[in-house]
Amino acid sequence: MLAFLIRRLIGAFLVLIAVSFITYLIFIKIPGGDPAPRIAGRTATEANIQDIREKLHLNDPFYSQYWAMMKSLFTGSLTSYSSQLNVVEQIKSGIPATFSLCIGAGAIWLFFGILVGLISAVKAGQWSDSVITVFALIGISLPVFWLGLMSRYVFAEDHPFSFLPDGEYVPLTQNPWQWFTHLLMPWLVLAVLFIGFYGRVLRSNILDTINEDYVRTAKAKGLPYRGVLVRHVLRNSLIPIVTLFGLDFAAVIGGSAILTETVFDLKGVGWYAAQAVQDLDLPPIMGVTIYATFFIVLFSVVVDLLYALLDPRIRPT
Amino acid sequence: MATDSATDFTLDSAAALAADEHGAIEGRSPWLLAWRRLRRNYVALAALALFIVIVVTCALAGPYAKHVAKTGPNVGHLGETFTRDGQQVQVVSKGGFVNGKFIAGGIPVGPQLWHAGGRYVFGADQQGRDVAVRLLYGGLNSLKIGIGSAIVCMVFALVLALLSGYYGGWVDWVISRVFDLIWAFPVLLLAIALGTALAINGFHHFGINIEGGSLWIPVIVISFVLIPYVARPLRGQILSLREKEFIEAAQAQGASPLRVMFAELLPNVASSFLVFFALMIANNILTESGLSFLGAGVQPPNPSWGTLIDDGSDRLVTAPWLTIIPGIAIVLTVLSLNIFGDGLRDALDPRAKVRIER
Amino acid sequence: MTKRSTIRSVGALALVSALAFLAGCGGGGGDKSSSDNTGGSSNGGKTYPVLRIVLDSPDYMDPQLYYTVEAYQWMSYVWTGLVGYTHKSGPEGGQLQPYLAEAMPKISADGKDYKFTLRQNLKYSNGKPVKASDFKYSIERAFKMDSPGVGFFGEIKGVGGSGGFAETKKGHISGIITNDSKRTIEIQLDQPRGDFLYILALEFAHIVPTGTPASDQSTHPIPSTGPYMLKSYTPNRGFELVRNPNFNGQIPTIPKGAPDRLVASIVSDPVASYQRVVQNKADFDFNQVPNDRLPEAQNKFGDQLRIYTNANTYYFALNNKIPPFNNIDARRAVNYGIDREAIISGIYGGLGRPTQNFLPPGYLQYKKINAYTFDLAKAKQLVQKSGTAGQSVDVYGPNSGLSKQVTEYLAGQLQKIGYKPKLRLLGDQVYFQTIGNQATKAQAMFTDWYQDYPHPLDWFDVLLNGNRITQTHNNNPGNVDVPAVNKEIEALKKEPNLNADINNRWAKVDHDLMVTHSTTVPYMNISGTNFFSSEMDMSCYSFHVVVYWDWGVSCKK
């Protein structure tokens, strides 16, 4: 187990370096990305600009620039090109919104996804299964940003139906009730997509598993049906869900909830990243990429461990 | 010994299958059986029909623009008027200061349906462009990108999975590490970053020259970031197939690796492949719309369903049709593909339809 | 609703100073709902507890750094300089008054020497006294921080040239001589500048205590001299102003301020900020009311809406140095090929006025130009005549908001008159530097300008003087370079006072550049919206040229 963990940690570290370097290369290659004139402003002098280039090591060869940027990122002193704000600070200030959004939505989609999958599997072939399937399919066919726009308009802006606040994030510590109402729509919008998907995956897993020989054996042994369902079928069907959830959750928390955050003006990490990409602002992009990759790697290790826990045939190697 | 549910039959499921079929199954190829099952799935067929209708309608964008709407997808008509039921109507409402009083203007005209003789059937946008024309041209772009990127992605994923699964060893190791790397990237962020980075100036390296506004950019970006998602499951399947006796048999007969890969392994993953393909088109259309919405996909003034929603998003109150209509187009297209893909999967892998015994 | 926080949705990267309502602004005085506003009255010294505002993100809260209206409108009551503007609505507001200086300066006959004396007993918000040498420190601090404002101080002795303070940032600026015990400040210039007093009113010359670190102090509020002090600032979230306990009316020319506290929330989405005010969760929406909501705002909340026009011009720059627009007929064609009324009416919802001048109306140097009508046929003809028909044109513009739409419009029109436009849209942050780079070879560009201060030098010298074209960060992206006009601008620069003759010469410069040589395509002076909650008492509404809505003299019901 220890060897496994160590090996994974080293792998994670290498991945982080590779990812950050590639991101860096992508943006170095973009013409017009020179930040010095941008920081200096429209009426700056040549001296200003040269000075800024010195300060930001922009005249150094690209690998030492990369190294300088990584160093300042990890010591927390990296500042953005467009706003002189500290990147790590900005990411930190975006974390509450992103975490609130993702954890809430994740809980909702996991719970309902499993529920939907269970029900439609149990009722397989009946009309209720078809109805659920249709809704699930519609759910995964909706563009999340479109759904967000529509729901914002209907529930937050178009009197007299509007009873929900119109976007933005209210910190939990500031006002719990408002925190909740402001996040309700984003949660549901983000969850809809996944509920449909997870429901269907679980359904097909259950239906596959239900016919395995070992299930028949369990029933033949006289075990109660419920028990069989839960202990054997469910447990095995959930394993792929665990994997999926781990990776999806890592992705959204790492900033892939960009569309939702943008549409609802939740200034989380994803929103911050989208802004930075728009502005070709390299430091925040690097910062967010490291942040996101970290979560992805973390969760894949967690998922592997959970997998081993749930499926005794598998041992982490 | 773990059962691999993807390829093993049990006695009961086989019996249920036979009962399910409305005809003889002995001696029929799995493909024919699949086709028969698909043929009976009316919902899936209807979905396929819907998708085909959508594709054909979009393909008729050119004639529609020329003969019915009499304008182009990027031609604005700000400040102009058109005839509706005999009256002259402003395409975009006039606003400004009149006698010192300010009148809010800039409201584009709504869906005219057939009252304006074929113009502005779905209304106009803020620049006075015909929404219906842009919807069709946009659909063409979205479909091209969705289907194109699915093809590119599947081809690359298939080749990599075959190589990786067949050769194993260090080939597999290298390819898997590349997948890991791509997988570790925050996918959407990577797609947006690439899309934005390449949007203006295009890609001019390694002897390849692609212009900034080209549709190839979103195609490449989307297919690239999704390769691991397809390649990994395929690789898994190939890995398990590889150990089967028929592969051994083929190799014993002296079949070359290429032949084994394409003649033996490939047909066995074909059904997964097909299902993947349909679902991938659906997924890519959604991804493209998201990218275009953020400005990292199709570049203005070219329309795509995503850019149309982006354009319309700041007029939800005064011109809601600008946002609603392209969204519905996306939903219908993606839904039809998902339903059909589902039906395809059911047809190719019938055990999923078997009822739970009580 | 827009989905990106475009800073400055009204487009101002520069300080906006409004010189309104002389000719052609059509305002009926006192017409309450949705018209140009000329009325303005002080609130009679009444105060109220709190003013809640929502606005888009300011860039900084540090006087030597900020350069957006989002910051200036509020910070002009926090940090102050030697001189400042008169707090009255209307054109009078453009007059300068002594703020921290006890009187307007003694200016030498050659215009190269300015002598000020500070008022007595001036204190910062932390109780410490304001010293004359603090002024010198503040200017030097701007240079040390590579502030965007340093370009304005280029003429001060000891700044420019090799070895000058701008280059070395070591030592002191020899051209600023201060004496703390006598409270005197003397500024010596290399050359006279007719607009130098206005420059001293800019935020970059606002006085901060000596020793304030030469780095962005936005989140560590710098002690202030005005009626308010910055209590706290959290980027992307908000800031708060409270009364300066040590102000005690020390600057008689600035109002004491009506609200006891000002609480600002940063909301970049203009729909969300609009909603906040509608629901009475905020009193003032700084962001432009989106076109989507204007009809509703007008119909339901007309009383709470005010529309103002300030000194700005939106124009398309055409690259005069490379084909096709190095040909004057091609440029003329564009001037005939756009429908200015339709742009304003359609894209901007009517919030603006068409223009063919470079200078905005309201300037004494403004003489209305009416040379072009919208005529596609004539435009096509001119394109044919120029021999440039069919050429490809790279059209640059920002990638979001109304600016993007107007750029798309330009591309569409260029196509109609016979060119092959290629649209290239860029993010706000990189846009201006990209078109300011000669290597980009942009052929047609969206751009705009909001005045820094009410003087034609701020327009023609900065933006259209061929002698000031640079390779990078070029403020004249159209590379407008008419030698005779350049000479005239240089000559006019040295004139210390604006009289009728000088004004006429400026008007001729405008005409020469816009008509005779058709170098640029101006189309609009944009109008802005001020939207208030029902709690605000609109009878106190006062619009000031520099501060915009003068909140210092507002009142609540």
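Sequence lines set the chain letters: A, B, ... in the order given, protein chains first and strands last, and positions in each chain run from 1.
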Practice item. Show your reasoning for whether side-chain contact (heavy atoms from CB on, under 4.5 Å) applies to A:Ile140 and B:Val334. Key: CA-CA 9 Å; A:Ile140 63 178; B:Val334 173; over 6 Å; no
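Heavy-atom neighbours of A:Phe21 CZ from other residues, nucleotides or ligands within 6.0 Å: above the threshold of 12. Heavy-atom contacts from other residues, nucleotides or ligands closer than 6.0 Å to CZ of A:Phe299 number more than 12. Within 6.0 Å of CZ in B:Phe224 there are 12 or fewer heavy atoms belonging to other residues, nucleotides or ligands.
The side-chain heavy atoms of A:Thr133 and B:Asp342, taken from C-beta on, include a pair separated by under 4.5 Å. Contact check for A:Val263 versus B:Phe293: side-chain heavy atoms found under the 4.5 Å cut-off. Using a 4.5 Å heavy-atom threshold, the side chains of A:Arg152 and B:Leu316 count as separate.
With sequence neighbours excluded, no residue satisfies salt bridge (charged side-chain N to carboxylate O under 4.0 Å, His left out) with A:Asp248. Residues passing the ring pair (Phe, Tyr, Trp, His ring centres under 6.0 Å) test with A:Phe135: none are found, sequence neighbours excluded.
With a 4.5 Å cut-off on non-hydrogen atoms, B:Leu291 does not touch chain A at all. Residue A:Leu247 touches chain B through its side chain alone, counting heavy-atom pairs closer than 4.5 Å. Contact annotation for A:Ser130: neither backbone nor side-chain heavy atoms come within less than 4.5 Å of a heavy atom of chain B.
Among B:Ile192, B:Asp180, B:Ile324, the residue with the largest count of heavy-atom pairs under 4.5 Å with chain A is B:Ile324. Ranking A:Thr289, A:Val19, A:Leu147, A:Leu142 against chain B, the residue ahead of the rest is A:Val19, based on heavy-atom pairs under 4.5 Å.
The heavy-atom pair separating B:Gly290 from A:Leu259 by the smallest distance is O-CD2, 3.9 Å. Contact between B:Leu286 and A:Ser141 at its shortest, heavy atoms only, is CD2-O, 3.8 Å. Closest approach of B:Leu181 to A:Ile22, counting heavy atoms only: CD2-CD1, 3.8 Å.
Taking CD1 of B:Ile328 as the start and CE of A:Met150 as the end, the distance is 8.5 Å to the nearest 0.5 Å.
No donor-acceptor distance shorter than 3.5 angstrom exists from the side chain of A:Trp146 to the backbone of B:Ile309, with no hydrogens or angles considered.
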